[in-house]
2 protein chains.
Amino acid sequence: MTAADGDRDHVQSLERGITVLLAFDAEHPNPTLAELAQLTGFSRPAVRRFLITLERMGYVRGAGGRWSLTPRVLAIGQHYTASHALIELAQPHLLHLAEQTQESASLATLDGDEVVYVARVPVRRIMSINVSVGTRVPAHATSMGRVLLAWAPTEQVDDVLARHPLAAPTPNTVTDVGVLRATLAEVHRQGWSVVSEELETGLLSASAPVRDRSGAVVAALASSTSTGRSTVEQLERDVVPLLVETADRITADLGGTARAS
Amino acid sequence: MTAADGDRDHVQSLERGITVLLAFDAEHPNPTLAELAQLTGFSRPAVRRFLITLERMGYVRGAGGRWSLTPRVLAIGQHYTASHALIELAQPHLLHLAEQTQESASLATLDGDEVVYVARVPVRRIMSINVSVGTRVPAHATSMGRVLLAWAPTEQVDDVLARHPLAAPTPNTVTDVGVLRATLAEVHRQGWSVVSEELETGLLSASAPVRDRSGAVVAALASSTSTGRSTVEQLERDVVPLLVETADRITADLGGTARAS
């Protein structure tokens with residue numbers, strides 16, 4: 001297979017093979033070859049060759065005409081986790097925060113205009129989507145994203161806010177760029193963010209920044225709850241101080257100084 | 001790129017591209033192109049084309065002549081997690097077990113002759129290796145592996161025990177096939193396994209089986225501690241009952257019946 005798009009530096013079969021791997025999800029945990037061809041838009045013979053290759057590498061398994069992912073695919077993400085010391089360092093702090101608050105604790109980083117969960121201690125399921133390590137959500141609509149954007153380089157913020165239209169997962173989601181810029185300035189000033197029902201109805205979350213030794217904000221620590229169990233006021237009073245304290249401890253473990261800039 | 005190994009169904013560039021992705025790890029979090037060529041054994045022009053493709057897909061990032069993984073690689077493993085309901089169901093139970101024991105709790109499945117961590121609540125770091133979701137360890141040397149092998153099909157057990165020589169990560173690791181078979185029979189009879197310092201010196205762990213609604217053992221639940229904080233006797237007396245109870249609760253959530261066979 002050579003790159004058909006006229007770009008000799010692009011390895012099309014690598015991109016397509018990974019696309020086949022990503023076609024397996026909660027809605028399609030055990031697809032047939034025909035279903036995979038439909039999901040990816042590739043021909044059945046092409047999908048078959050990718051499946052055979054992925055099966056030999058141990059990433060998929062076929063039985064009775066249906067295919068499924070093996071736990072070996074977890075190794076790919078594990079290489080990210082292993083190469084980012086922050087994630088391992090943060091784990092005991094996430095657990096402690098989850099115990100203190102009896103709510104799920106998460107650590108996330110920014111990737112483009114989305115926030116990616118890189119570590120998580122789930123206490124209970126609040127969101128209707130299955131949030132786990134690797135899950136991506138729109139940055140502007142979450143407390144974690146607002147913390148990360150509040151300290152991000154200007155060009156990155158401009159780039160995120162320039163997307164039209166900004167996603168509005170709920171009727172409460174702020175998409176007005178002027179209001180969002182003012183909110184980011186406030187988050188930067190106060191050192192934390194609380195967001196209520198902008199990502200999902202009933203979901204409340206608070207977030208604080210984690211810094212590396214250069215003072216750069218490298219992750220956001222968050223605690224999530226539901227409108228049935230807490231309010232914005234309770235979160236600000238009871239959870240934000242714990243959150244800031246925990247984020248500062250992770251920062252200290254990374255060799256950084258809390259609230260450096 | 002066509003398959004050069006004479007097998008037209010094998011997509012070599014897919015395998016090689018994933019190999020480049022896996023060359024990033026704790027020892028090489030920010031390799032140069034030359035280092036990646038050395039690590040993978042591929043030519044620099046080939047590595048360069050894979051990197052360009054992976055960069056366009058958002059999986060790697062290049063800056064100042066060095067490359068790193070982006071959190072987007074976590075999405076690949078997330079598709080495994082999302083397509084296996086067991087993992088999400090088990091999370092609150094793992095957290096509860098970790099709180100009760102104040103020790104790390106893990107869930108693992110068998111993949112070939114290795115055990116793969118599919119969920120984990122780390123309380124503190126015990127092992128010298130960075131254990132996270134996706135980490136693989138030899139099945140025969142761990143309590144989780146012994147639980148999974150104790151209920152695995154005979155052919156699978158034979159296959160694992162036929163490997164010569166069986167890995168012996170510590171001087172205590174049992175590698176005698178006869179002794180291992182007797183141990184698996186005992187684990188099957190008693191319904192749990194405790195292993196002391198066979199995977200790593202100073203590491204103690206206990207494990208119990210989780211079953212699906214068909215009664216098949218689909219995962220092992222484990223609690224790990226160190227010889228500095230506990231003994232085999234304490235683990236058997238205090239932790240095993242909690243572990244079996246928690247594993248049975250996960251089994252019930254999966255629609256299964258505890259200790260079905």
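Throughout, a chain's letter reflects where its sequence line sits, starting with A, and its residues are numbered from 1.
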Indicate yes or no for a side-chain donor-acceptor contact from [X] to the backbone of [Y] under 3.5 Å, with no hydrogens or angles considered.
X	Y	value
A:H140	A:A167	yes
B:E35	B:T32	yes
A:S83	B:A26	no

Chain B heavy atoms under 4.5 Å from [X]: which part of the residue, side chain, backbone, both or neither?
X	answer
A:L22	both
A:Q102	side chain
A:H96	neither
A:Y117	backbone
A:V133	both
A:E114	side chain
A:I18	both
A:R48	side chain

### Task
Please confirm whether B:F24 and B:H28 have ring centers closer than 6.0 angstrom.
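No: the rings miss the under 6.0 Å criterion.
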### Query
Is there a donor-acceptor contact under 3.5 Å linking the side chains of A:S132 and B:Q78?
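Yes, B:Q78 and A:S132 have a side-chain donor paired with an acceptor closer than 3.5 Å.
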### Message
What I want to check is whether the side chains of A:S13 and B:S13 have a donor and an acceptor closer together than 3.5 Å.
### Response
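Yes, because at least one side-chain N or O of A:S13 sits under 3.5 Å from a partner of the opposite role on B:S13.
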Of the listed residues ([options]), which shares the most heavy-atom pairs with chain A below a 4.5 Å separation?
options	answer
B:V121, B:L110, B:V116	B:V116
B:R120, B:R61, B:M57	B:M57
B:A75, B:G134, B:P71	B:P71
B:L54, B:N30, B:T70	B:T70

### Message
If the test is side-chain hydrogen bond (donor to acceptor under 3.5 Å, both in side chains), which one of B:S106, B:S223, B:S226, B:S143 qualifies with B:S205?
### Response
B:S143
### Query
Of the listed residues (A:V118, A:L69, A:L94), which shares the most heavy-atom pairs with chain B below a 4.5 Å separation?
A:L69
### Query
Is the cationic atom of B:R16 (NZ for Lys, CZ for Arg) positioned less than 6.0 Å from the six-membered ring centroid of B:F42 and within 45 degrees of its normal?
yes
### Query
Taking C-beta and beyond as the side chain, do B:L254 and B:V218 meet within less than 4.5 Å on heavy atoms?
yes
### Task
With a 4.5 angstrom heavy-atom cut-off, could you sort out which part of B:L95 is near chain A: side chain, backbone, both or neither?
side chain
